[in-house]
Amino acid sequence: MPELSARYNPQDVEEKRLKLWSEKKAFHAVAGRSSQGPFAVVIPPPNVTGVLHMGHALNNTLQDILIRYKRMQGFDAMWMPGTDHAGIATQNVVEKQIAKEGLTREALGRDKFMERLWDWKARHGDTIIEQLHKLGSSCDWERTRFTMDEGYSQAVREVFVTLYERGLIYQGSYIINWCPRCTTALADEEAEHKESSGSLWHIRYPFKDEPSQGVIVATTRPETMLGDTAVAVNPADERYAGLIGKIIVLPLTGREIKIIADDFVDRTFGSGAVKVTPAHDPNDFAMGRRHDLEFINIMHPNGTMNANAGRFEGMDRFEARREIVQALDDLGLMVRIEPHMNAVRRCYRCDTVVEPYLSRQWFVKMKPMADKALEAFRAGTPCIQPKRWEKVYENWLVDIRDWCISRQIWWGHRIPVWYDEQGHAFVARCEADARLQARAKHGKDVVLTQDPDVLDTWFSSWLWPFATLGWPIKNKDLQYFYPTAALFTAPEIIFFWVARMVMAGIEFMGEVPFKDVILHGTVRDAKGRKMSKSLGNAIDPLEIIREYGADALRFSMILNSGQDIFISKEKFETGRNFANKLWNASRFVMMNLSPEASGVSDFSQIDHAALDPASQWIMSRYQTSLAAVTEAIEQFRYSEAENTLYEFFWGTYCDWYLEMIKGRMDDINTQKTACLVLKNTLKMLHPFIPFVTEEIYSQMAGVETMLTLEAWPVPEAKYAHAGVEADIGMIVALVTSIRNVRAQWNIKPNDPVACVFVGPAATLERLRLNEAVVQRLVRIAGFRYEGSANGLKNCATGVAGEVAFFIPLGELIDIAREKARIAAEVAQMEKAAGAIAGRLANEGFVSKAPPEVIEKERQRMTELKARADEFNKALACLI
RNA sequence: GGACGCAUAGCUCAGCUGGUUAGAGCGCUGCCCUCACAUGGCAGAGGUCGAAGGUUCAAGUCCUUCUGCGUCCACCA
């Protein structure tokens, strides 16, 4: 058996295991191989531009725990990995790259730019996947998918065309969120509200007939006044009753606009009069429609003012704002300016202030799909955990709005629509189909051009659970693994992604794509701030892996995962220390194992009848822990499962059990128990810390063993003692060992005993032998204490009558420890029993508490008393 | 503006349907390099469970209000 070193070194072990897993394709799942059936999880595909951060580390560790656990339970556990093409993000990266060469994408041209993008993908696209490997993620790597794979792209086109045919996709001119920096439309979810301080400008719009008079309007975006085509007031507002229909001359432009009445206007806000800019505000747009107003677009797509802005043409929108405010002030029309907090929408990719912009885009009609998703949700799928997110999810589905899916960028799935010269649109799965349609319409071949835009990245992501499995081809994998079991993700993308996947799943597969949705917290720094590069507070998981090991990273992360997760570097010491403890305890056990014992693999190989009581006790504790861990994992309570394992292994197995059996390791059944309980504990720990557990296990077994392919331990009811019984077993173990020592040296209970302790005084002090044991002995017989002496360091030496004897120090440690422990427990039990007695004496309790509670309490009291008696008896036996 | 969450030891958090006299880890204090492990062992200090009311025989746990922090959603110009 190989010697293990005293300190666990994760780097070598992890590298070795990763190599093995990769060579053996350990995580590849085949449809229909297991009788247990499928258990599939799809990874939330990280952006190809991504580098591993703590959020990924958490998300993937959670998934890995589940998938390894299920694989050990014998399911065809399949974890689908892959990456997302991340439209705007990736395009931004490559644009920055070419900017260093002094190039822009426009200068390069679409084809060349796309080449650069694919080139970038080929070079850097696997970075995040490799990093996920290092974490120990047991993904089915052979299946790795990318949202712009050929097959996947086909699925995207199929979905677009099908939805179009079902009347769920339409094109139209609406106010959408426009990012002037990215020069593209954004979905509502991609334009994030952020509070910022601005101003509210109150401007007087003069009447045509009485230029000295006018209405005062308030606005947060004064530059949009150039596109105003009306002023609106509430029809019920008496202040303006006589003014409806009156003509106003719009300052700076001279355009004549009317005062209109509309219910939308809030009488209590500002002056009660609103400037109406139908081309630059969604509400105004709606009013413009209602009142048949003119739509005047005053901006270029890049946010500069266009020809409609008159003398402000060419200025950036914010520059124009300053100039216009100044100009109005010069005209004496700026009534007042007040500070105003408002929520400005910003591009989620580049943080640029989004402009509500009128443009022609493609939309998905969401209501019919959302209704189906709602119906499914109310019937119980998917099950969202924690429960508090259910309402958020449901509300979004109820208040669903149409989804703008076209993007004016180049990296992505090109919209499968072709136009003829007259502008007729032909929606088709491929260009050839479009040609056929065009020919049918025109009776001849015509020139077609494809829509230049691409689809929103989420328009491909929402197909992830089935498109990765080969849809629209109905192959074996798709049939077997769909729907998947669970989805782990951050709550931020519940709308972006989760809800839409549900809709697509129902629409195209007829089934919700996953049974459970587990929403986990955000990883934050010690101060509670989100980890981000710009804040400089990010902890790099790769650095942690280098320094502490991937196991340590995983272990500490899960241990700390409550709601949000607050992490500082020191936290990872816990995981590192645990792995080291595991390593050393195993080393100790292995050093004491005979070859026969090290091969033990089943509890039936242990002679239970011949087992020492301490081993019986650890078996019982092991059973309890196994049950608790299994239950916690089933309920996705990984932190709790891990904590239970930590307690069991460190606090019970190492601190108590290994100490107790130190003097008894020559017993084959003890060895077997120590070994088998350890092996099974390694299995239980494996989903959490796959590297170190597998390495130790392999060394114990003497052959390379892939733990994730080993069976998850099953409870062995016959070895399980319940609560009291187990503890009594423990005491009996110790009492027996004392008796054995006495018998060995032929000491009778009342024999005069002389005792000589040898060893450092401090050690004896620490062991509390001087108080607890020695004094008792002094009373029995003569005592002489020789203080610290060299030589027989680990023995207590004594003389019984004429016979000298040695008691192994380990035994005495056990006795002293256990005595103290029992005494403390007895005190606690007596206290508790007293408290219950008091309660039972309370009239209110007896008369009003439910009978079953009273009965329970009474039983508990009896039990506690009985147990305290047992403990006291045991205590009396301990010398 | 709407919805939700959190507040328990110096720090990070458990405490699951109210029912032992509230727990763990880290940190701190003291003693130990005892031959698996100092990334370790043993012992110890430290809490009126955010505040105020209420329900109950019984409240960290349920209800109301308040305070502080956080998250998500949102078309008051």
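Just so it is clear: chains get the letters A, B, ... in the order the sequence lines come, proteins before strands, and each one is counted from 1.
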#### Entry: Atom-to-atom span, CG of L678(A) to P of C37(B) - whole angstrom
16 Å
### Task
Taking only Lys NZ, Arg NE, NH1 and NH2, and the carboxylate oxygens of Asp or Glu, determine whether E338(A) and R336(A) approach each other closer than 4.0 Å.
yes
### Summary
5'-most contact on RNA chain B (nearest-nucleotide basis), K194(A) vs A218(A), goes to K194(A)
### Query
Which value, in whole Å, describes the distance between the P atoms of nucleotides A59(B) and A22(B)?
13 Å
### Task
Take the protein atom NZ of K581(A) and the nucleotide atom C1' of A38(B), then report the distance between them rounded to whole Å.
11 Å
### Short N-O contact, R317(A) and E355(A), less than 4.0 angstrom
yes
### Rounded distance (Å) that lies between atom P of A74(B) and atom CG of D399(A)
9 Å
### Task
Among G25(B), A36(B), C16(B), find the nucleotide with the atom closest to the side chain of Y646(A).
G25(B)
### Message
For F649(A) and F578(A), take the angle between the two ring planes, folded into 0 to 90°, and tell me which bin it lands in: parallel under 30, tilted 30 to 60, perpendicular over 60.
### Response
perpendicular
### Task
Please check the phosphate of G41(B) (OP1 and OP2 only) for any side-chain N or O of W650(A) closer than 4.0 Å.
yes
### Query
Atom OH of Y357(A) and atom C1' of C75(B): how far apart are they, to the nearest Å?
20 Å
### Task
Could you measure between the two C1' atoms, the one in G50(B) and the one in U8(B), and give it in whole Å?
10 Å
### Task
Look at the side chain of K391(A) and decide which nucleotide, out of A3(B), A77(B), C72(B), has an atom nearest to it.
A3(B)
### Among C72(B), A77(B), C16(B), the one nearest F495(A) by side-chain distance
C72(B)
### Query
Contact class for R221(A) (heavy atom, under 4.0 Å): base, sugar-phosphate, or nothing?
nothing
#### Entry: V846(A) or T574(A), whichever maps to the more 5' nucleotide of RNA chain B
T574(A)
### Query
To the nearest angstrom, how far is K275(A) atom NZ from C76(B) atom P?
16 Å
### Query
For the side chain of R401(A), counting heavy atoms from C-beta on, which of A74(B), A36(B), U39(B) is nearest?
A74(B)
### Message
With rounding to the closest Å, how many angstrom separate the C1' atoms on C13(B) and C76(B)?
### Response
42 Å
### Query
Salt bridge or not for D281(A) and R221(A), using N-O below 4.0 Å?
yes
#### Entry: With Y638(A) via ring pair (Phe, Tyr, Trp, His ring centres under 6.0 Å) - residues at least two apart
none
### Message
Take N1-N3 plus N6-O4 or O6-N4 for Watson-Crick, N1-O2 plus O6-N3 for G-U, both under 3.5 Å. Which runs of 3 or more such pairs involve RNA chain B?
### Response
B:1-7 with B:67-73, B:10-13 with B:23-26, B:28-32 with B:40-44, B:50-54 with B:62-66
#### Entry: Rounded P spacing from A7(B) to U12(B) in Å
12 Å
### Message
What's the gap between C63(B) and G19(B) when it is taken at their P atoms, as a whole Å value?
### Response
15 Å
### Query
If you measure from the P atom in U17(B) to the same atom in G5(B), how many Å do you get, rounded?
15 Å
### Summary
Among the nucleotides A77(B), C75(B), C4(B), whichever has the atom closest to the side chain of H193(A) is C75(B)
### Query
Just how far, in rounded Å, is P of U12(B) from CD1 of I558(A)?
20 Å
### Task
Report the relative orientation of the aromatic rings in Y348(A) and F496(A); use parallel for angles under 30°, tilted for 30 to 60°, perpendicular for over 60°.
parallel
### Per F845(A) side chain, nearest of listed nucleotides C72(B), C57(B), G5(B)
C57(B)
### Euclidean distance for P, G27(B) against A36(B) (whole angstrom)
24 Å
### Summary
Considering only heavy side-chain atoms of N560(A), the closest of U12(B), A36(B), C57(B) is U12(B)
### Task
Identify whether any heavy atom of E573(A) sits under 4.0 Å from a base atom; if not, whether one sits that close to sugar-phosphate; answer base, sugar-phosphate or nothing.
nothing
### Task
May I ask you to say what Y548(A) touches in the nucleic acid, namely base, sugar-phosphate or nothing, with a heavy-atom cut-off under 4.0 Å?
nothing
### N580(A) side chain, from C-beta outward: closest of A3(B), C37(B), G19(B)
C37(B)
### Query
Are the charged groups of E547(A) and K569(A) less than 4.0 angstrom apart, N to O?
yes
### Task
Would you classify R576(A) as touching base, sugar-phosphate or nothing, given that sugar-phosphate means primed atoms plus P, OP1 and OP2, and contacts are heavy atoms under 4.0 Å?
base
#### Entry: Interatomic distance where CG belongs to N643(A) and P belongs to C16(B) [whole Å]
15 Å
### Task
Go through Y393(A) and F495(A) one step at a time and tell me if the ring pair (Phe, Tyr, Trp, His ring centres under 6.0 Å) criterion holds.
CA-CA 7 Å; Y393(A) 174 81; F495(A) 310 129; 8.3 Å; no
### From C75(B), A36(B), U39(B), nucleotide with atom closest to R7(A) side chain
U39(B)
### Message
Just the rounded figure in Å: distance from C1' of A24(B) to CD of E647(A).
### Response
6 Å
### Message
Taking E390(A) first and then K387(A), would you say they form a salt bridge - that is, a charged N and a carboxylate O separated by under 4.0 Å?
### Response
yes
### Message
Say we look at A52(B) and G60(B): how far apart would their P atoms be, to the nearest angstrom?
### Response
13 Å
### Task
Scan A343(A) against the nucleic acid and name what it touches under 4.0 Å (heavy atoms): base, sugar-phosphate only, or nothing.
base
### Query
Taking the inter-plane angle between the rings of Y646(A) and W650(A) on a 0 to 90° scale, is it parallel (under 30°), tilted (30 to 60°) or perpendicular (over 60°)?
tilted
### Message
When you measure from the side-chain N and O atoms of R345(A) to the phosphate of C75(B), is any distance below 4.0 Å, counting only OP1 and OP2?
### Response
yes
### Query
Which part of the nucleic acid does H280(A) contact within heavy-atom distance under 4.0 Å: base, sugar-phosphate only, or nothing?
nothing
